[in-house]
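Down below is the structure, laid out as structure tokens.
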Amino acid sequence: MNVPVNEPVITKAAKAYVADALETGWVSSAGPYIDKFEESFARFIGVNHAVTVTSGTTALHLSLVALGIGKGDEVILPDFTIVSCMNAVLYAGAIPVFVDIDPETYCMDPALIEAAITEKTVAIMPVHIYGHSCDMDPILEIAQKRNLLVIEDAAEVHGAEYKGRKCGSLGTVSAFSFYGNKIITTGEGGMVCTDDDLIADELRLLRNLAHAPGKRFWHEEVGYNYRLTNMQAALGLGQLESVTTLLGHKQWMGEQYTKQLSDIQGIVLPVTKAYSTNVYWMYGVRVTDELGISRDDLTARLRERGVDTRDFFIPLSSQPIAQDFGPAHCPVSAEVAATGFYLPSGLALTQEQLDYVCDVFHEVVSA
Ligand SMILES: *Cc1c(COP(=O)(O)O)cnc(C)c1O
């Protein structure tokens, strides 16, 4: 059997809406599905505004620019995340400052933020990892006390909650991705959410080349073409209509993996803190010395048996493109990155595939 690490499910409604978008000729960024998708997504997250953009990466970049973050400004972000977070800071001309993560949730450790703040710090970018929320209250408290903006990266947590509130509704702005392996997909795509009317106006202006209000082809700011298409929004709207079912499948997957793998000594399974729900975007596992086999040997043997996995992120501070930003002391991030990987976690994963993954896992570690 072959089990891919991610296989999406495209719903019937999504296919029908895309066909409709094509039939009506609204293939670019004008057309009714953009508004419908933005309105539905805003309602789903519980925010006043949702602004579609071309990706999660551009959602982060546009957020920073709309908030006026630029040259010389410092943005605090976790060491353990995708490069998009750092790239967005670099595109804006700002400086990334890395902090270490919590060893259980793999999210930014709030206790380390204060020490990273300087007179140049303007924002904190908490990143919810693999389906689990950051501990947001201490982060929001520091931000308020020190007058910092909060850019929440919610690309991996569509539908997850922090203390009963949706992730993506907690920061000054939040960024979502709709890449093919995300819980809601538009193929490629992204969204910025905010409650602030003025920030939303600025986001809409900047994503469409910053034509001056009331004067088309006149530009007082440098804008971008970060417009999502009506076809992509149609796909997203169709997927979003089934979000409860999709999240239910993720819940089932997480519970099944935990049930079937919890007897294995020497691996660390995902946690769910009391303050968070877990939407299991990816089911992450870590290998400890007790297992007696390295992460790389384990994943190679799983692959030999047709079980596809992905290693965890490589820390940002260790990236060649980050070497100008000083040495970062992030031992937890380094350890988690070196020992972690995730199992097949796509929305198309069947019971048969999941059972096979768990059987092969048992065989490999007991061999
Ligand atoms: C996927 C992801 C992104 C980037 O999204 P793209 O749509 O691929 O640009 C950003 N942040 C996190 C945490 C992600 O997982």
Side-chain angles (χ1 to χ4, degrees), residues 5-6 8 37 41 45 50-65 75-92 96 98-99 101-102 105-108 123-134 136 139 150-160 162 167-168 170-171 173-193 207 224-229 232-233 235-236 239 250 270 276 278-284 310-316 319 321 333 336-337 340-342 345-347:
V5 76
N6 182 76
F37 184 40
F41 199 79
I45 298 301
V51 180
T52 48
V53 290
T54 49
S55 71
T57 307
T58 56
L60 289 167
H61 178 215
L62 206 70
S63 297
L64 293 167
V65 178
V75 177
I76 295 174
L77 71 165
D79 189 44
F80 184 79
T81 179
I82 194 164
V83 73
S84 307
C85 303
M86 168 169 63
N87 282 357
V89 175
L90 297 178
Y91 300 159
F98 310 113
V99 297
I101 56 167
D102 178 286
T105 63
Y106 313 145
C107 295
M108 172 184 261
I124 309 172
M125 184 189 288
V127 184
H128 308 294
I129 294 288
Y130 298 150
H132 191 284
S133 174
C134 298
M136 289 300 292
I139 297 173
V150 177
I151 298 119
E152 214 189 329
D153 184 338
E156 303 184 358
V157 288
H158 311 65
Y162 175 75
C167 291
L170 305 159
V173 297
S174 68
F176 285 86
S177 165
F178 304 124
Y179 181 65
N181 68 8
K182 301 294 158 85
I183 294 171
I184 298 289
T185 186
T186 61
E188 297 279 356
M191 192 82 86
V192 185
C193 292
R207 85 166 157 190
Y224 304 85
N225 175 357
Y226 285 171
R227 303 182 302 254
L228 194 76
T229 68
Q232 291 169 303
L235 179 52
Q239 297 289 100
K250 287 285 189 188
S276 179
N278 198 332
V279 291
Y280 296 106
W281 173 59
M282 291 292 163
Y283 193 89
R310 285 290 180 281
D311 291 348
F312 277 7
F313 299 120
I314 299 173
L316 292 182
Q319 302 289 343
I321 59 171
S333 165
V336 167
F341 68 97
Y342 48 84
S345 302
L347 288 163

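Since the structure is predicted, the reported quantities are computational estimates derived from the model, not experimental observations. Both ligands and their constituent atoms are indexed starting at 1 by order of listing.
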Has the side chain of [X] got a donor or acceptor atom that lies under 3.5 Å from a matching backbone atom of [Y]?
X    : Y    : value
K250 : L347 : no
H132 : N278 : no
E152 : L170 : yes
T58  : S55  : yes

Handout entry: Y106 ring center within less than 6.0 Å of F313 ring center
Key =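 No.
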Exercise for the section: Would you please indicate yes or no on a ring centroid separation below 6.0 angstrom for F41 and F178? Expected result: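 Ring centres of F41 and F178 closer than 6.0 Å.
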Could you go through ligand 1 and list every pair where one of its N or O atoms sits under 3.5 Å from a protein N or O, giving the atom names and the distance to one decimal?
unit_1, atom_1, unit_2, atom_2, d
ligand 1, 5 (O), S177, OG, 3.2
ligand 1, 7 (O), G56, N, 2.8
ligand 1, 7 (O), S177, OG, 2.7
ligand 1, 9 (O), G56, N, 3.3
ligand 1, 9 (O), T57, N, 2.9
ligand 1, 9 (O), T57, OG1, 2.5
ligand 1, 11 (N), D153, OD1, 3.4
ligand 1, 11 (N), D153, OD2, 2.7
ligand 1, 15 (O), E156, OE2, 2.5
ligand 1, 15 (O), K182, NZ, 3.1

